[in-house]
Participant: 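One structure follows; several queries about it will come next.
Below, chains carry the letters A, B, ... as their sequence lines are ordered, and counting in each starts from 1. Since we're looking at a predicted model, the values are computed, not measured.
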Amino acid sequence: MNREQELTHLFRQEGLTPAVADLFRRIVYDWYVPQRRELPWRETFDPYAILVSEIMLQQTQVERVREKYATFLAEFPDLRALAAAPLERVLAAWQGLGYNRRAVNLKRCAEAVVASLGGEVPADPNELVRLPGIGTYTSRAVVVFAFNTPLPFIETNIRSVYIHHFFADQSGIHDRDLMPLIEQTLDRDNPREWYYALMDYGSHLKRLHGNPSRRSSHHTRQTPFKGSNREVRSRILRAVLENPGISRDALEKAVGASSEIVGKNLEQLAAEGFIVSRGPGYRIL
DNA sequence: ATCCGGTTTA
DNA sequence: TAAACCGGAT
């Protein structure tokens, strides 16, 4: 019986005892130590840089973030720089990452921290989660990675690890059943490194075992991008970014959608703080 | 053509 | 709970 089978067996026999937790951590760390991914945001403890990386990593693969992270930080090296920057520059730096409202929210975070939190990223997840675009995952991940604080949290790679080892032949698994296991197996001596290990190992398991996270009750499939409103929206934003002051007519031509569709999206983008109508045309707020 | 993923709003 | 939100890799 190999170590993984032993883990499954022991877990079924006695539940998540300290011995089972130890064996589990050993399996994860033994895989991780020689395989550790070198990622730029793992080389800093700057809470701002870590916040930037976590926002970028929402819904976005590591390889796509890697380069943008460096150029973004070069242009906006700290919270105050980002807070003071024109939104137009921030959105331009964001192009290629997708989900542009993350960039708007990130800038708003910077403004809020500078305006009312003394310019320091809070070390308390309950403070962080009040900021725009920061939910339960990001608030805890930032605190764990920036301050090495032992807090339980879950995202897709972590989910894969726990489903693979503790729910091997089940599906429809809810996060509420995973969180206690995450809590009880947390390496309290070095939570930052432990979560790196979980994430790298989980990413590996997906390639090896066909994404165990699909067996989560939280797994969803995105509708096609082609022909979607998301596509129209991104084209509008890009057109305004590239042609400040663009007229409504030119915008409709550039986007290739009906006047009704463009108008509806323009309203939404304005309501979300992306775009303003000024003079004859449209520009970034 | 299909796959991947946190947060917010309804 | 469901639906909306992006772009690049495969």
Participant: Nearest 0.5 Å, what's the CD-CD1 distance between Gln184(A) and Ile182(A)?
Facilitator: 10.5 Å

Participant: Report the residue (His174(A) or Arg235(A)) whose heavy-atom-nearest nucleotide on DNA chain C is the more 5′ of the two.
Facilitator: His174(A)

Participant: Can you check the Met56(A) CE to dG8(C) P distance for me, whole Å?
Facilitator: 14 Å

Participant: Check the surroundings of atom CD in Glu75(A): do more than 12 heavy atoms from other residues, nucleotides or ligands lie under 6.0 Å from it?
Facilitator: yes

Participant: Heavy-atom nearest nucleotide on DNA chain B for Thr60(A) versus Val129(A): which residue maps closer to 5'?
Facilitator: Thr60(A)

Participant: Do Glu252(A) and Ser259(A) have a side chain donor and acceptor closer than 3.5 Å?
Facilitator: yes

Participant: Please classify the nucleic acid contact of Pro224(A) as base, sugar-phosphate, or nothing, using heavy-atom distances under 4.0 Å.
Facilitator: nothing

Participant: Where the side chain of Arg64(A) is defined as all heavy atoms beyond and including C-beta, which of dG8(C), dG6(B), dC6(C) is the nearest nucleotide?
Facilitator: dG8(C)

Participant: Just checking Ile134(A): base, sugar-phosphate only, or nothing, at a heavy-atom cut-off of under 4.0 Å?
Facilitator: sugar-phosphate

Participant: Mind checking if Lys206(A) touches a base, just sugar-phosphate, or nothing, with heavy atoms under 4.0 Å?
Facilitator: sugar-phosphate

Participant: Considering just the side-chain nitrogens and oxygens of Asn100(A), establish if one lies under 4.0 Å of OP1 or OP2 belonging to dC5(C).
Facilitator: no

Participant: Can you tell me if Arg3(A) has over 12 outside heavy atoms packed within less than 6.0 Å of its CZ?
Facilitator: yes

Participant: Between Phe274(A) (CZ) and dT8(B) (P), how many Å, whole number?
Facilitator: 13 Å

Participant: Which nucleotide in the set dG6(B), dG7(C), dC5(C) lies at the smallest distance from any side-chain heavy atom of Ser234(A)?
Facilitator: dG7(C)

Participant: Quick one: which of dC6(C), dT7(B), dG7(C) gets closest to the side chain of Arg233(A)?
Facilitator: dC6(C)

Participant: So, does Asn229(A) get its side chain near the phosphate of dC5(C), meaning an N or O under 4.0 Å from OP1 or OP2?
Facilitator: yes

Participant: What is the distance, rounded to the nearest whole Å, between atom CG of Leu97(A) and atom P of dG6(B)?
Facilitator: 15 Å

Participant: Let's see if you can work this out: which of dG6(B), dC4(B), dG7(C) has an atom nearest to the side-chain heavy atoms of Tyr137(A)?
Facilitator: dG6(B)

Participant: Under 4.0 Å from OP1 or OP2 of dC3(B): is there any side-chain N or O of Arg221(A) that close?
Facilitator: yes

Participant: Identify whether any heavy atom of Gln222(A) sits under 4.0 Å from a base atom; if not, whether one sits that close to sugar-phosphate; answer base, sugar-phosphate or nothing.
Facilitator: base

Participant: Of the listed nucleotides (dG6(B), dT7(B), dC6(C)), which one gets closest to any side-chain atom of Thr136(A)?
Facilitator: dT7(B)

Participant: Between Arg230(A) (CZ) and dG7(C) (P), how many Å, whole number?
Facilitator: 10 Å

Participant: Tell me the interatomic distance from Arg207(A), atom CZ, to dT10(C), atom P, rounded to whole angstroms.
Facilitator: 11 Å

Participant: With a 4.0 Å cut-off on heavy atoms, is Ser228(A) in touch with a base, just the backbone sugar-phosphate, or nothing at all?
Facilitator: nothing

Participant: Of the candidate nucleotides dA4(C), dG6(B), dG7(C), which contains the atom at the shortest distance from the side chain of Arg238(A)?
Facilitator: dG7(C)

Participant: For Arg101(A) and dT8(B), give me the distance from atom CZ to atom P, rounded to whole Å.
Facilitator: 9 Å

Participant: Just the rounded figure in Å: distance from P of dC4(B) to CZ of Arg159(A).
Facilitator: 13 Å

Participant: Set out, in order, the CA-CA distance, both residues' side-chain angles and the distance that settles salt bridge (Lys or Arg N to Asp or Glu O under 4.0 Å) for Lys107(A) and Glu111(A), then state yes or no.
Facilitator: CA-CA 6 Å; Lys107(A) 178 168 159 50; Glu111(A) 289 167 355; 2.9 Å; yes

Participant: With the side chain of Phe225(A) defined as its heavy atoms from C-beta on, choose the nearest nucleotide among dC5(C), dT7(B), dG7(C).
Facilitator: dG7(C)

Participant: Measure from CD on Gln268(A) to C1' on dT8(B) and round the result to the nearest Å.
Facilitator: 13 Å

Participant: Can you confirm whether Glu120(A) is buried at CD, in the sense that more than 12 heavy atoms of other residues, nucleotides or ligands lie under 6.0 Å from that atom?
Facilitator: no

